[in-house]
**Q** 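Please see the structure below; I have some questions.
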Amino acid sequence: MRYSKAFIPTQKEAPKDATTPSHSLLLRAGYARMVGAGIYELLPLGMRVLTRISTIIRDEMDRAGAQEFLMPAIVPAEYFKESGRWDSFGPALFRLKDRKGGEYHLGPTHEELITDLVRREVRSYRQLPLNLYQVQMKYRDEPRPRAGLLRCREFLMKDAYTFDVDEAAATESYGIMREAYKRIFSRLGLDYRIVEADSGAMGGSTSAEFQVLAQNGEDAIVACGSCDYAANVEVAEAHFKETKQTNGKMGAREKVHTPGVHSIGEVISFLGGGLRPESTLKSMIYIVDGKPVMAVVRGDHEVNEVKLARVLDVEEVRLASDKEVKKVTGASVGFAGPVDFDGRLIVDRAVTHVLDAVVGANETDQHYRNVNHGRDFTGDVHDLHLVTEGDGCPKCNDHLRLYRGIEGGHIFILGTHYSAKMGATFVNDGGKSLPVVMGCYGIGVTRLIAAAVEQYNDDDGILWPMAIAPYQVHIAPLGNDGEVAAKSEEVYQALRAAGVDALIDDRKERPGVKFKDADLLGMPIRVTIGKRGLASGEAEVKERNHKDAEAVSFDTLIDHLTALVVKRGGRLLDVS
RNA sequence: CGGGGUGUAGCACAGCCUGGUAGUGCGCAAGCUUUGGGAGCUUGAGGUCGUGGGUUCGAAUCCCGCCACCCCGACCA
């Protein structure tokens with residue numbers, strides 16, 4: 001591509017609303033433009049990255065035995081009404097009406113449609129397993145779109161669906177897709193972790209998230225440094241040893257006057273004496289199905305509400321208001337405690353190890369000292385707290401480390417959640433009619449563009465991984481010298497003949513401008529050709545992620561560059 | 001949905017408090033010079049000041065409504 005003919009509108013200044021590197025750089029470098037909140041145009045460079053990513057995805061999906069097809073983005077309401085999601089999806093669903101008043105929505109995901117297709121077309125176990133996927137725009141009216149392409153209301157997704165005869169076969173399909181996903185994310189050149197995750201409203205039994213590590217990721221995840229354990233903090237567990245505290249050491253419970261002391265921090269500084277947060281207990285009141293539930297965690301821990309909801313087997317839990325807390329405990333907020341609490345009590349298992357804890361006394365301005373689980377209160381013991389950096393790995397007890405991640409992919413075994421409800425059945429080899437067992441597998445394709453930039457950027461611009469860079473080599477001829485231009489053109493043509501995707505900056509711009517734009521656009525290899533190099537018969541080859549350039553003779557330049565492209569994970573075009 | 005903020009030239013902003021015919025930088029066009037890290041000088045084009053109403057002799061500026069966008073929270077396969 002010739003830069004002079006290319007549509008690459010770059011900007012010197014960062015757009016005022018851009019908050020993350022990917023947002024700012026994709027706009028500045030001319031990859032994308034915003035149309036509305038969470039709605040973007042992909043410009044030619046952005047489109048090339050998208051194509052690179054989706055090509056890798058298609059390649060691996062096909063290799064895994066999935067077949068590409070396409071469902072509509074606009075969907076009649078009947079399908080979501082049948083599954084119940086017309087209501088449960090709530091305001092996140094973009095709804096519309098046709099001229100006759102018929103109701104439709106824009107597809108936020110497509111389980112219902114595919115299930116309908118399968119119930120109409122699949123009758124026998126002989127037609128299974130089946131694995132279908134599409135790459136298509138999804139629409140979700142997010143409460144708050146943000147960070148450019150990271151959370152959009154319209155976004156491109158690859159979604160695959162598997163159909164199997166039973167749970168075992170479905171698990172096998174899931175395993176195949178998991179391997180395909182690993183290949184995809186590795187080929188994209190992204191640093192990622194496969195983490196255990198909450199299956200959420202999809203209602204699946206098994207699921208895993210593919211989290212792209214990035215400073216600005218929306219998700220918090222933990223990963224073990226020694227073993228392969230990794231999990232979203234929503235579900236992450238901490239190491240726990242079943243050891244009992246020694247009874248003999250317990251002190252006698254005593255009430256202490258603690259005026260105006262509400263938080264754990266205030267308790268620590270008020271009582272002093274080397275009291276540490278882990279020797280206190282935090283008692284949170286939740287309202288679940290209209291009834292109060294007290295969750296007790298160690299003072300240095302936080303309640304994991306996803307875990308709490310799972311323990312209670314409910315969709316969601318709600319923190320009680322100040323008024324409700326007062327009604328339930330008889331004390332103002334900050335003085336709740338498990339001793340003599342009248343109501344359901346859920347206790348984090350780490351609490352059972354705390355000796356002589358300080359807790360609220362359910363009386364305003366009063367706390368108890370020397371409170372011990374088992375003696376002063378009981379309650380149901382569960383894993384309840386939000387895992388933190390200090391926790392041990394549940395598998396090997398080495399230290400867990402905290403990361404931020406961007407959810408690039410999510411795979412689920414759905415089971416018969418949709419097939420049973422919608423009557424997608426088949427006849428097995430024993431002549432029995434059974435619901436198909438489903439799995440679904442998503443990748444946020446447009447999101448991955450931004451995720452890659454989040455992971456690979458510096459002060460000057462983007463540093464694309466070779467596999468998804470819009471062009472592999474960026475040629476920068478310097479000056480208006482005719483010989484330089486001719487030599488550069490020669491190199492450009494030779495690279496193209498060798499199957500390398502090259503961009504040549506043939507604009508009449510000063511060297512500084514070309515260098516700045518080259519750094520901003522972020523192609524992995526820059527080849528600088530100037531008068532100086534021409535005299536010595538050399539071009540300057542600089543990798544975007546390296547500090548220093550390398551002088552390479554024109555005689556070996558093309559071989560050098562093609563080898564470098566391949567070494568960095570790039571593929572050469574078939575030019576035969 | 002709650003709280004906060006911003007809408008003025010393609011981009012980033014000043015002007016608003018204290019009302020009086022719209023400004024700066026970058027970018028764009030032309031000319032001369034310059035040419036290995038976003039050049040200098042000269043000239044020029046470009047704006048219904050988000051939108052509707054109100055106050056006023058007069059509104060970018062004051063008042064009210066609406067819209068859009070951003071941030072924090074809530075929510076979110």
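Chain letters run A, B, ... following the sequence lines, proteins first, then strands; residues in each count from 1. Below, all heavy atoms of this structure are taken into account, side chains as well, without hydrogens, waters or symmetry copies.
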**Q** Does B:G58 have a Watson-Crick or wobble mate here (both distances under 3.5 Å), and if so which one?
**A**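 None - no nucleotide pairs with B:G58, as no candidate has both distances under 3.5 Å.
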**Q** Under a 3.5 Å cut-off for both contacts, is B:C16 paired Watson-Crick or G-U wobble with anything, and if yes, with which nucleotide?
**A**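 Here B:C16 is not engaged in any pair, so there is no nucleotide opposite it.
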**Q** Tell me whether the count of non-hydrogen atoms from other residues, nucleotides or ligands lying under 6.0 Å of CD in A:E172 goes above 12.
**A**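 Open.
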**Q** If you measure from the Lys or Arg side-chain nitrogens to the Asp or Glu carboxylate oxygens, is any gap between A:E142 and A:R151 under 4.0 Å?
**A**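 Between A:R151 and A:E142 there is a salt bridge, with a charged N closer than 4.0 Å to a carboxylate O.
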**Q** How long is the line joining CG of A:L27 and P of B:C70, in whole Å?
**A** 11 Å
**Q** Does B:C69 have a Watson-Crick or wobble partner in any strand here, with both distances under 3.5 angstrom, and which is it?
**A**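 Here B:C69 is engaged in a pair, and the nucleotide opposite it is B:G5.
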**Q** In terms of ring plane angle, is the pair A:F80 and A:F89 parallel, tilted or perpendicular, where the classes change at 30° and 60°?
**A**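 If you compare the ring of A:F80 with that of A:F89, the planes turn out tilted.
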**Q** Of the candidate nucleotides B:C70, B:G38, B:C72, which contains the atom at the shortest distance from the side chain of A:R144?
**A**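 Of the candidates, B:C72 comes closest.
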**Q** Should the pair A:E68-A:R58 be classified as a salt bridge under the 4.0 Å nitrogen-to-oxygen rule?
**A** yes
**Q** Is any NZ, NE, NH1 or NH2 atom of the basic residue among A:K514 and A:D517 found under 4.0 Å from an Asp or Glu carboxylate oxygen of the other?
**A** no
**Q** Return yes if some donor-acceptor pair links the side-chain N/O of A:E41 with the main-chain N/O of A:M34 below 3.5 Å, else return no.
**A**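 Checking the backbone N and O of A:M34 against the side chain of A:E41, no donor-acceptor pair under 3.5 Å is found.
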**Q** Are any of A:R140's side-chain N or O atoms less than 4.0 Å away from OP1 or OP2 of B:C76?
**A** no
**Q** Over all strands shown, is A:A37 touching base, sugar-phosphate only, or nothing at heavy-atom distances under 4.0 angstrom?
**A**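 If one applies the 4.0 Å heavy-atom cut-off, A:A37 turns out to touch the sugar-phosphate alone, with no base involved.
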**Q** Would you confirm whether A:S207, through its side chain, and A:F412, through its main-chain N or O, come within 3.5 Å as a donor-acceptor pair?
**A**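 No: the side chain of A:S207 does not pair with the backbone of A:F412.
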**Q** With salt bridge (charged side-chain N to carboxylate O under 4.0 Å, His left out) as the rule and sequence neighbours excluded, what pairs involving residues 474-483 of chain A come up?
**A**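 Applying salt bridge (charged side-chain N to carboxylate O under 4.0 Å, His left out) to every pair that reaches into residues 474-483 of chain A, excluding sequence neighbours, yields A:D481-A:K531.
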**Q** Just name whichever nucleotide pairs with B:A39, Watson-Crick or G-U, keeping both distances under 3.5 Å, else none.
**A**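 In the structure as shown, B:A39 has B:U33 as its Watson-Crick or wobble partner.
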**Q** For B:U21, which nucleotide in any strand shown is its Watson-Crick or wobble partner with both distances under 3.5 Å?
**A** none
**Q** Does A:T446 use its side chain to pair, donor to acceptor, with the backbone of A:L156 at less than 3.5 Å?
**A** yes
**Q** Rounded to the nearest Å, what distance is computed from the CD atom of residue A:E142 to the P atom of nucleotide B:C70?
**A** 13 Å
**Q** Can you tell me the pairing partner of B:G52 across any strand shown, Watson-Crick or G-U wobble, with both distances under 3.5 angstrom?
**A** B:C64
**Q** For B:A12 and B:C71, measure between their P atoms and round to the nearest Å.
**A** 14 Å
**Q** What distance, rounded to whole Å, do you find between the two C1' atoms, one in B:G31 and one in B:A45?
**A** 15 Å
**Q** Starting from P on B:C28, measure out to CZ on A:R507 and report it in whole angstrom.
**A** 10 Å
**Q** Distances for protein N/O vs nucleotides 11-14 of chain B N/O pairs under 3.5 angstrom?
**A**
unit_1: B:A12; atom_1: OP1; unit_2: A:K16; atom_2: N; d: 3.4
unit_1: B:A12; atom_1: O2'; unit_2: A:E13; atom_2: OE1; d: 3.4

**Q** To the side chain of A:L520, which of B:C72, B:G38, B:C69 is closest?
**A**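 Nearest to the side-chain atoms of A:L520, counting from C-beta on, is B:G38.
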**Q** Reading RNA chain B from 5' onward, which residue's closest nucleotide shows up sooner: A:G442 or A:T10?
**A** A:T10
**Q** Determine the Euclidean distance between corresponding P atoms of B:G40 and B:G25; express it in Å to zero decimal places.
**A** 12 Å
**Q** More than 12 heavy atoms of other residues, nucleotides or ligands under 6.0 Å from NZ of A:K81: yes or no?
**A**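 Above 12, so yes.
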**Q** For A:R153 and for A:D517, locate the closest nucleotide of RNA chain B by heavy-atom distance; then report the residue assigned to the nucleotide nearer the 5' terminus.
**A** A:D517
**Q** Starting at NE2 of A:H23 and ending at C1' of B:C71, how long is that distance when rounded to a whole Å?
**A** 13 Å
**Q** Distance between the P atoms of B:C17 and B:G53, in whole angstroms?
**A** 23 Å
**Q** When rounded to the nearest Å, what value does the distance between C1' atoms of B:C64 and B:U55 take?
**A**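 One C1' to the other, the span is 11 Å.
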**Q** Can you measure A:D459 atom CG to B:G38 atom P for me and round it to whole angstrom units?
**A**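 Interatomic distance, CG of A:D459 to P of B:G38: 16 Å.
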**Q** Mind calculating the distance between CZ (A:F94) and C1' (B:C76) to the nearest angstrom?
**A** 13 Å
**Q** Distance check needed: B:C70 C1' versus A:I39 CD1, whole Å only.
**A**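 So the CD1-C1' distance, A:I39 to B:C70, works out to 15 Å.
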**Q** Look through every strand shown and name the nucleotide pairing with B:A74 as Watson-Crick or G-U wobble, where both distances are under 3.5 Å.
**A**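 WC or wobble partner does not exist here.
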**Q** Using a strict threshold of under 4.0 Å (side-chain N to carboxylate O), is an ion pair present between A:E302 and A:K282?
**A**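 Result for this pair is yes, salt bridge flagged.
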**Q** What distance, rounded to whole Å, do you find between the two C1' atoms, one in B:C26 and one in B:A9?
**A** 12 Å
**Q** Might you list the N or O atoms of the protein lying below 3.5 Å from N or O atoms in nucleotides 31-37 of chain B, with each pair's distance?
**A**
unit_1: B:U34; atom_1: O2; unit_2: A:R510; atom_2: NH1; d: 2.5
unit_1: B:G36; atom_1: N1; unit_2: A:E540; atom_2: OE1; d: 3.3
unit_1: B:G36; atom_1: N2; unit_2: A:E540; atom_2: OE1; d: 2.6
unit_1: B:G36; atom_1: N2; unit_2: A:E540; atom_2: OE2; d: 2.9
unit_1: B:G37; atom_1: O6; unit_2: A:R526; atom_2: NH1; d: 3.2
unit_1: B:G37; atom_1: O6; unit_2: A:R526; atom_2: NH2; d: 3.2
unit_1: B:G37; atom_1: N1; unit_2: A:D519; atom_2: OD2; d: 3.1
unit_1: B:G37; atom_1: N2; unit_2: A:D519; atom_2: OD2; d: 2.3

**Q** Rounded to whole angstrom, note down the C1' distance from B:A30 over to B:G46.
**A**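 Here B:A30 and B:G46 have their C1' atoms 15 Å from each other.
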**Q** Return the value, rounded to whole Å, for the distance between atom CZ of A:R28 and atom C1' of B:G10.
**A**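 So the CZ-C1' distance, A:R28 to B:G10, works out to 16 Å.
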